[in-house]
2 protein chains.
Amino acid sequence: MSLRIALLGLLTASGPASGYDLTKLFESSISNAWHARHSQIYPELNKMAAEGLVTVDEEGPRGRKTYTITEEGARELRTWLIEKEPSRSQRSEVALRAFLLPTLEPHVAAALLRAEAEVYGRRLAMLETIRATKSLAKQPDFGRHALELGIRQVRLLRDWSEETAADIEGSTGS
Amino acid sequence: MSLRIALLGLLTASGPASGYDLTKLFESSISNAWHARHSQIYPELNKMAAEGLVTVDEEGPRGRKTYTITEEGARELRTWLIEKEPSRSQRSEVALRAFLLPTLEPHVAAALLRAEAEVYGRRLAMLETIRATKSLAKQPDFGRHALELGIRQVRLLRDWSEETAADIEGSTGS
DNA sequence: ATCCGCATGTAACAGGTTACATGATTCA
DNA sequence: TGAATCATGTAACCTGTTACATGCGGAT
């Protein structure tokens, strides 16, 4: 369901696009919120076309198909946003790791956390660059709040990793 | 894979336990990091037993089976924690929603965000109660860092929802 | 006796990943 | 002409959810 919603949202934001375009849009804009590969996107678009949520303006040089969202598609997106209670169920490898870290020797755990912190630090820098650049973009608002959320989440992970490493090292008096 | 690791971790932390015990432990301790139902846990334990990661001390009143982690199981857990690069791939309905919110009228989006903020506020209160209580618990450390991470993440979501709602309302001068 | 909680399982389906497979167009 | 990129698809497999199914043991 969520994949379908993400596609409807992207089509709303970008106007008509092909499966290929949407796959790249996924990576560049929404990947921080949702992941999908082309092998999942293409069949889904076909299903959505069959159900009347999008239409195909079959054209394009290679086999390229361009999809446009329909009224019904727009309605489905709206209903989902307004009426569906979001699933808050978590499944995060990072958090799982955090939970299990105390099963390792403190200095090993701390080293792993520092490495994590560095990864997140780099990711944070990237996102902040995007934020700085985006003021020039076409869509003035679309994705801005989501980007802000992403930045905060990455910063949180970096800080937590760093502080937890310090805490672990501190408590052993290494 | 991650489910298996979570189970090995819980067995390490709690000592021998049944599938039923682990299902409840999952809910009470680790659900913030990973979700699993008994229908997934029971078959996985059977597979793990077949592969020698856990042993069954078949006993117990009803069909109860008690599982114990083996040396090989402990090795597998350790290797995963140390060597496996954690998947950072995100899939969050909350973030997806955040991304798509600008497709709605500002006042509708703001109202949805306020409702979200309230949910997270309640969740935050719950987690903070747990943290306050946990100082009395048996395991001095296990899960403390993960709980801290969970609290920060929920707080972030509450604050972001609140602030984004204010921002949206502010920019329309309603 | 009856109900609740303990305790384990399976089957059907939905959602996702990896790998395989193919071919057209553009550019150097 | 060869490489990179555009462009779409399918098949096998793994993970996870929902629902169904069964039965024991303890407490009232």
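Just so we're on the same page: letters track the sequence lines, and every chain starts at 1.
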Chemist: In whole Å, what is the span from the CZ atom of A:R88 to the C1' atom of D:dT17?
Modeler: 19 Å
Chemist: Return the value, rounded to whole Å, for the distance between atom CD1 of B:I41 and atom C1' of C:dG9.
Modeler: 13 Å
Chemist: Sequence neighbours excluded, which residues qualify as ring pair (Phe, Tyr, Trp, His ring centres under 6.0 Å) partners of A:Y120?
Modeler: none
Chemist: Rounded to the nearest angstrom, tell me the gap between atom CZ in A:R37 and atom P in C:dT18.
Modeler: 5 Å
Chemist: For B:R64, check side chain to side chain contact (heavy atoms under 4.5 Å, CB included) against everything at least two apart and list the hits.
Modeler: B:S18, B:D21, B:P61, B:T66
Chemist: Hey, is the main chain of B:A146 close enough, under 3.5 Å, to the side chain of A:W160 for a donor-acceptor pair?
Modeler: no
Chemist: Using a 4.0 Å cut-off on protein heavy atoms (strictly under), produce a 5'-to-3' string for nucleotides 10-15 of chain C with B for base contact, S for backbone-only sugar-phosphate contact, and - for none.
Modeler: B----S
Chemist: Base contacts versus sugar-phosphate-only contacts with protein, heavy atoms under 4.0 Å: please encode nucleotides 22-28 of chain C as B, S and - from 5' to 3'.
Modeler: --SS---
Chemist: Check B:R144 with B:E148, please: is the shortest side-chain N to carboxylate O separation under 4.0 Å?
Modeler: no
Chemist: Write down the distance between CD (B:Q90) and C1' (C:dT17), rounded to a whole number of angstrom.
Modeler: 17 Å
Chemist: Could you check how far CZ of B:R64 sits from C1' of C:dG5, rounded to whole Å?
Modeler: 13 Å
Chemist: Run the side-chain hydrogen bond (donor to acceptor under 3.5 Å, both in side chains) test against B:E44 and tell me which residues pass, sequence neighbours left out.
Modeler: B:R4
Chemist: Charged N to carboxylate O below 4.0 Å: is that the case for B:R37 and B:E27?
Modeler: no
Chemist: For D:dA7, take OP1 and OP2 only and decide whether either is under 4.0 Å from a side-chain N or O of A:K24.
Modeler: no
Chemist: Mind checking side chain to side chain contact (heavy atoms under 4.5 Å, CB included) for A:R155 and listing every partner two or more places apart, or none if nothing turns up?
Modeler: A:L124, A:E128, A:I151, A:R152, A:R158, A:D159
Chemist: I need the CZ-P distance between B:R4 and D:dG16, as an integer number of Å.
Modeler: 12 Å
Chemist: Would a distance-only check, ignoring hydrogens and angles, find a side-chain to backbone donor-acceptor pair under 3.5 Å from A:E93 to B:S87?
Modeler: yes
Chemist: Answer yes or no: is there a side-chain heavy-atom contact under 4.5 Å between B:L113 and B:E162?
Modeler: no
Chemist: I need the CD1-P distance between B:I5 and D:dT15, as an integer number of Å.
Modeler: 12 Å
Chemist: Please state how far atom CG in A:L22 lies from atom P in D:dC6, giving the value in whole angstrom units.
Modeler: 14 Å
